[in-house]
Amino acid sequence: MTFEELNSAELGFIEIIRAFSFLFKEGYHGNQFSLGGREPGIIFENWVANRIVHVYWSENGFLDVSIKRKKIFAKPNSIEFSIRDCYKYFNCDHIRHSPPIGSLNILKINADFIQQHLMPVIKGEMWIDELLKQRK
């Protein structure tokens with residue numbers, strides 16, 4: 001099978017795995033995969049860090065990346081944020097307003113953003129509110 005034989009959802013899936021492969025090094029594994037439908041994506045999980053990273057292409061063509069953690073004794077029992085909401089805190093709001101052209105570029109920019117700014121959250125060392133407090 002060659003890349004020419006893959007449909008757009010399959011290509012999007014492969015591109016996500018390539019761009020976010022750094023999560024595997026942090027102990028994440030792919031838990032859920034979506035190749036069908038209009039929103040291809042992957043849910044990466046790390047049970048030790050208590051983090052779930054959801055990466056998918058939305059129906060309107062935007063990349064959505066959210067990070068979630070579960071809380072056993074709290075209501076709601078999980079909290080989640082979109083990395084798009086964090087761009088402004090790291091002087092990267094230009095990503096939201098002028099996203100790069102091309103799906104590979106969008107994936108790379110978002111993966112780089114996480115690696116440069118959100119690794120303490122990815123590693124389970126702190127949650128986003130604590131990280132943003134440190135930035136102030």
So, do [X] and [Y] sit near enough that their side-chain heavy atoms are less than 4.5 Å apart?
| X | Y | value |
| --- | --- | --- |
| Phe81 | Asp129 | no |
| Glu80 | Ile67 | no |
| Ile79 | Lys71 | yes |

Atom [atom1] in [X], atom [atom2] in [Y]: separation rounded to 0.5 Å?
| X | Y | atom1 | atom2 | value |
| --- | --- | --- | --- | --- |
| Ile16 | Trp57 | CD1 | CH2 | 7.0 Å |
| Gln32 | Ile42 | CD | CD1 | 11.5 Å |
| Asn50 | Lys70 | CG | NZ | 8.0 Å |
| Glu15 | Leu63 | CD | CG | 10.5 Å |

message: I'd like to know if the side chain of Arg96 and the backbone of His94 have a donor-acceptor N/O pair within less than 3.5 Å.
response: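 Checking the backbone N and O of His94 against the side chain of Arg96, no donor-acceptor pair under 3.5 Å is found.
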Review item, side-chain donor-acceptor pairs of residues 107-124, under 3.5 Å, at least two apart:
unit_1	atom_1	unit_2	atom_2	d
Lys108	NZ	Asp112	OD2	3.0
Asn110	OD1	Tyr87	OH	2.5
Asn110	ND2	Ile106	O	2.8
Gln115	NE2	Ala111	O	3.3

task: List the steps and the verdict of side chain to side chain contact (heavy atoms under 4.5 Å, CB included) for Tyr89 and Leu131.
output: CA-CA 10 Å; Tyr89 298 107; Leu131 182 63; over 6 Å; no
- request: Could you point out which residue of Tyr28, Phe24, Phe22, Phe33 forms a ring-ring contact (aromatic ring centres under 6.0 Å, His included) with Phe44?
  value: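 So, applying the ring-ring contact (aromatic ring centres under 6.0 Å, His included) to Phe44 and each of Tyr28, Phe24, Phe22, Phe33, only Phe24 qualifies.
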task: Quick one: do Cys86 and Ile128 satisfy side chain to side chain contact (heavy atoms under 4.5 Å, CB included)? Show the steps, please.
output: CA-CA 9 Å; Cys86 298; Ile128 189 65; 3.7 Å; yes
Same apolar cluster: [X] and [Y], side chain cutoff 4.5 Å:
| X | Y | result |
| --- | --- | --- |
| Ile17 | Ile52 | no |
| Trp47 | Leu23 | no |
| Tyr56 | Ile14 | no |

Where Ile43 and His54 come nearest, the two heavy atoms and their spacing: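 Scanning both residues completely, I find the closest heavy atoms to be CG1-CD2, 3.5 Å.
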